[in-house]
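In what follows, every chain begins at residue 1, and chains take the letters A, B, ... in the order their sequences are listed.
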Number of protein chains: 2
Amino acid sequence: EPLIDHAEGQLFLTQAFNIIVEEVLCKGTDVKQKVCHEWKEPEELAELLDLELREGGEGQQKLLQRVRDVAKYSIKTSHPRFFNQQFAGVDYHALAGRFLTETLNTNLFTYEVAPVFVLMEMEVLRGLRQLVGWTEGDGIFCPGGSTSNIYAMNLARYQLFPEVKSQGLYGLPRLAIFSSPESHYSVKKGAALLGIGTDNVIMVKVDDGESKLCSLSVCFFQGAVPFLVSCTSGTTVKGAFDPLDRIADVCDKHKLWMHVDAAWGGSVLFSKQHRHLMKGADRANSVAWNPHKMLVAGLQCSALLLKDTTNLLKRCHSANATYLFQQDKFYDVNLDIGDKSVQCSRKVDCLKLWLMWKAVGSSGLAERVDKAFVHVRYLVEQMKKRDGFHLLREPEFVNVCFWFIPPSLRGKEGNADYQDRLAKVAPTIKERMMKQGTMMVGYQPLGNKVNFFRVIVFSPLVSQKDLDFFLNEIERLGDDL
Amino acid sequence: EPLIDHAEGQLFLTQAFNIIVEEVLCKGTDVKQKVCHEWKEPEELAELLDLELREGGEGQQKLLQRVRDVAKYSIKTSHPRFFNQQFAGVDYHALAGRFLTETLNTNLFTYEVAPVFVLMEMEVLRGLRQLVGWTEGDGIFCPGGSTSNIYAMNLARYQLFPEVKSQGLYGLPRLAIFSSPESHYSVKKGAALLGIGTDNVIMVKVDDGESKLCSLSVCFFQGAVPFLVSCTSGTTVKGAFDPLDRIADVCDKHKLWMHVDAAWGGSVLFSKQHRHLMKGADRANSVAWNPHKMLVAGLQCSALLLKDTTNLLKRCHSANATYLFQQDKFYDVNLDIGDKSVQCSRKVDCLKLWLMWKAVGSSGLAERVDKAFVHVRYLVEQMKKRDGFHLLREPEFVNVCFWFIPPSLRGKEGNADYQDRLAKVAPTIKERMMKQGTMMVGYQPLGNKVNFFRVIVFSPLVSQKDLDFFLNEIERLGDDL
């Protein structure tokens, strides 16, 4: 007597699929519907969802209602008015690839269990490397950009000190990493994880080539050995691009591993018009790029690309487990790529990107990138026409950082409490926004700058109307402050 | 003009869904169909799939054919005769949860973007912790068991030397980890990544409590500081369980962090009959458990469970990024759990497990575990009745390790070339099996034992008939060797 009934199971799956299409894809992308259906405090939401796990099971109708409830109370991140994060929108081909990936349920460790995906991952990585400007190299998909960045650190360290793999850091000199103050926090998280220490991440303002060189000298002097410069193409908050060519000169001179965290910005490489932002990327040793962000491949999809052709990735990470990576197989065991990863189980993250890429071509992906820039240009122009919107800086990319100055604060820049009052504007507007559910956008302080909004515009579902709505809505929510 | 047409997109998705149901779920679980539809050499497969990514896009019909091709040439890991790995089978409720997760496309870092899943993850972790025997604690879902194990190492190190986060390992004494020779390779991979070094993973045969204590003393003597014992509940090859209670005594005495890698074996905790295998787990500091294995939740689903109530996970991993984890939000920012992770983007891995658990209840999951043990008992009995099947050991769990001795080798144990000839049997049978596509099972050498098969039996789709088929098929494929 089987524990799983296929007919009943497939009926449930089909009914769930219909709910998903209706609630998440139709309603969830409809501007007449809300981004946050109904804001709930955690206690109330937990009760509504009846989360508790029990001894007995439940019937199909009740379970379908649960599918509906999860959809209902979740944030609609594909909604054209979700500007909160570096993921947004939906691509139906990518989504079909994701459903197929989930159903095929395999692991990217051997050709034997994932013949299609081993070859497909190689091809997708090749395609991404070509855009960086490399005709050969290596790479791997990682569970997110932080992991890709951390892998790059580990590879750079191993290249300089191969003995670290077996002997650890004990007995080695103090190591140091250079990065910029606005680089992603994963550089620090990685330094902590790898035993390098966050204090040994030296933050240099890369806008000033001289200060970098100067800091490098100081570091050598203090006995620490720098081994990596982690640059950023598309910083998280401002969307800024480090000057890669100039940094490459420094790395060449000091023989440092140059890593480019292009998790966010990498997608400009598709665009003839905007790829200049990453000029010099081909001189790097490694590039991290998340197609789950601007390309809308779906979470998660993060590639670490390497210029290396010496099998460094495998040499650094391999453990040669004989139960998985048998050497006496009847096919080319170089196709058993799993030992390149620190992970054992590794999700298939290439199919969704591959299918989307096949569907719209490189030209379609370039068009999406270009369109995002056009939208941002429009948004910035509209902001300049309105009182109350004050840009932090001219955007280089598709992040628009701005303060909303409510009428009561306009012209009061000289007042002693101006900054304190301004700091409270964004959180208050955000609270109202969440409770009314009309849209979502993030805010943050940065350095000595008080809370400002960061609106991210790239979803292929966004229209100019949504951008007008965005500005009107900020005004509506904040005009009485 | 939108780049994405919802009507066309949803039509494509629905057509792809129908193909997935037909090709992967119907044919892919049908014993009259093959596990490996048609074995292809990589060059031929790459050509068949036309993997190349091009400038222009393709039409819907061609893309649907691509979906069909990917399904066709992929291994059917849900097939009842896929015995190759520690994942297998399918659960339709979990799969519906996975489709919903993919479509909702959010990240588990803040309550703001994932209100349902923040609460759901907490509840699922609570449910798993209860089975370990903890009424309080902490935890997080990680991208696979290796990451869960590596997090445990990092936490143990941070607890002993909190300064390691900022200062790194420089200036600290040499650190050491104790594990067993048959523990998962992620212990070594983690030691390499964390800068501890694989040489400082000291392998102790845990079957012998005295040798552990003895090695511990030696280690202290040589100036290394041990900080972690990584035990295994359900080893990868043999499915063996370390004696947790006895190891806990040692850890108590020496004040060592006790981690249990129960990625594979953890699911016995659902079974009243078999949970004794993990007696003493509640005395550990951390437990890694992958419901994507025996519970069939789907890749990936790996929980790291912690006894800690001091927010160690967040203290160890946090970077306090102000753009994501604003402290002036209008809700309880303790719900912004993202800073507990080394990842930034983190997939929602709880929904599929939650929905499946709701569907069948704890009792249904227990029944699946119990049934797997019954099947293994049957398989072992049948093996003993047949000539040619020689068990490596009596299984403790659902891994059955055995040699197939072909007729030509029976009774020849004394011959000088016996081991060499036996070593070639499994790879040859495996090659024939893959090329005929009828089933899949793995093999490996271990220590001084030459290649043997490891059959893993736990998929809820498996019946006794499939086990009879398995034995007959091994005989059919190997009788002439």
Side-chain angles (χ1 to χ4, degrees), chain A residues 3-4 9 13 16 20 24 46 51 53 55-57 73-75 77 92 96 98 102-106 113 116 119 123 127 143-144 146 165-170 174 185 188-189 192 195-199 237 319 321-323 328 330 342-345 357 360-364 427 431 444 460, chain B residues 3-4 9 13 16 20 24 46 51 53 55-57 73-75 77 92 96 98 102-106 113 116 119 123 127 143-144 146 165-170 174 185 188-189 192 195-199 237 319 321-323 328 330 342-345 357 360-364 427 431 444 460:
Chain A
L3 282 171
I4 287 192
L13 189 68
I20 290 169
V24 187
L51 291 169
L53 297 160
E55 194 61 20
Y73 292 108
S74 288
I75 298 297
T77 67
Y92 288 100
R98 294 159 81 185
E102 294 298 312
T103 314
L104 284 168
N105 197 47
T106 196
V113 294
V116 172
L119 300 177
E123 190 61 33
S146 295
K165 184 175 174 181
S166 58
Q167 297 170 25
L169 289 167
Y170 184 72
R174 189 160 60 87
Y185 67 72
K188 284 201 164 189
K189 288 207 175 190
I196 290 165
T198 55
D199 288 353
V237 178
T322 53
Y323 80 91
D328 51 6
F330 65 96
V342 174
Q343 300 182 278
C344 177
S345 286
W357 200 332
V360 299
S362 303
S363 60
E431 178 173 358
Q444 62 282 301
Chain B
L3 282 170
I4 287 190
L13 189 67
I20 290 168
V24 188
L51 291 169
L53 298 160
E55 193 62 20
Y73 291 108
S74 288
I75 297 298
T77 66
Y92 289 99
R98 294 160 80 185
E102 294 298 313
T103 314
L104 285 168
N105 197 47
T106 197
V113 294
V116 172
L119 301 177
E123 190 61 33
S146 295
K165 184 176 175 181
S166 58
Q167 296 169 26
L169 289 166
Y170 184 71
R174 189 161 60 87
Y185 67 72
K188 285 201 162 189
K189 288 207 176 191
I196 291 165
T198 54
D199 287 354
V237 177
T322 54
Y323 80 90
D328 52 5
F330 66 97
V342 175
Q343 299 182 278
C344 176
S345 288
W357 199 332
V360 300
S362 304
S363 60
E431 177 173 358
Q444 63 282 300

_If the condition is salt bridge (Lys or Arg N to Asp or Glu O under 4.0 Å), which residues does E102(B) pass it with, not counting sequence neighbours?_
R98(A), K347(B)
*Output the option from G57(A), A192(A), A96(A) having the highest count of non-hydrogen pairs under 4.5 Å with chain B.*
G57(A)
_Closest approach of L53(B) to W357(A) (non-hydrogen atoms, all atoms of both residues)_ = CD1-CE3, 3.5 Å
*For the candidates I196(B), V342(B), D328(B), which exhibits the highest count of non-hydrogen atom pairs separated by less than 4.5 Å from chain A?*
D328(B)
*Return yes if some donor-acceptor pair links the side-chain N/O of S363(A) with the main-chain N/O of E55(B) below 3.5 Å, else return no.*
yes
*How close do S74(A) and V116(B) get, heavy atom to heavy atom, and via which atoms?*
OG-CG2, 3.7 Å
_salt bridge (Lys or Arg N to Asp or Glu O under 4.0 Å) involving K188(A) - partner list, sequence neighbours excluded_ = none
*Nearest non-hydrogen partners of P460(B) and I4(A), listed with the distance*: CG-CD1, 3.9 Å
*Which answer fits S146(B), side chain, backbone, both or neither, if we ask what part of it has an atom under 4.5 Å from a heavy atom of chain A?*
side chain
*Return the option, out of G361(B), S166(B), G195(B), with the maximum number of heavy-atom pairs under 4.5 Å with chain A.*
S166(B)
*Side-chain contact test, heavy atoms from C-beta onward, threshold under 4.5 Å: evaluate it for L119(A) versus L51(B) and give yes or no.*
yes
*Let me know if A16(B) has heavy atoms under 4.5 Å from chain A in its side chain, its backbone, both or neither.*
side chain
*Specify the closest pair of heavy atoms between P143(B) and Q343(A), including all atoms of both residues, with the distance to one decimal.*
O-NE2, 2.8 Å
_Top of I75(A), D199(A), N105(A) for chain B proximity - count of heavy-atom pairs under 4.5 angstrom_ = N105(A)
_Just so I understand: if I count every heavy-atom pair under 4.5 Å between each of Y170(B), F330(B), Y73(B) and chain A, which residue has the most?_
F330(B)
*Can you tell which part of L104(B) gets under 4.5 Å to a heavy atom of chain A, answering side chain, backbone, both or neither?*
both
*How close do V237(B) and Y323(A) get, heavy atom to heavy atom, and via which atoms?*
CG2-CB, 3.6 Å
*Quick one: closest heavy-atom pair of Y185(B) and C344(A), and the distance?*
OH-SG, 3.2 Å
*Is the backbone of G144(B) close enough, under 3.5 Å, to the side chain of S345(A) for a donor and an acceptor to pair up by distance?*
no
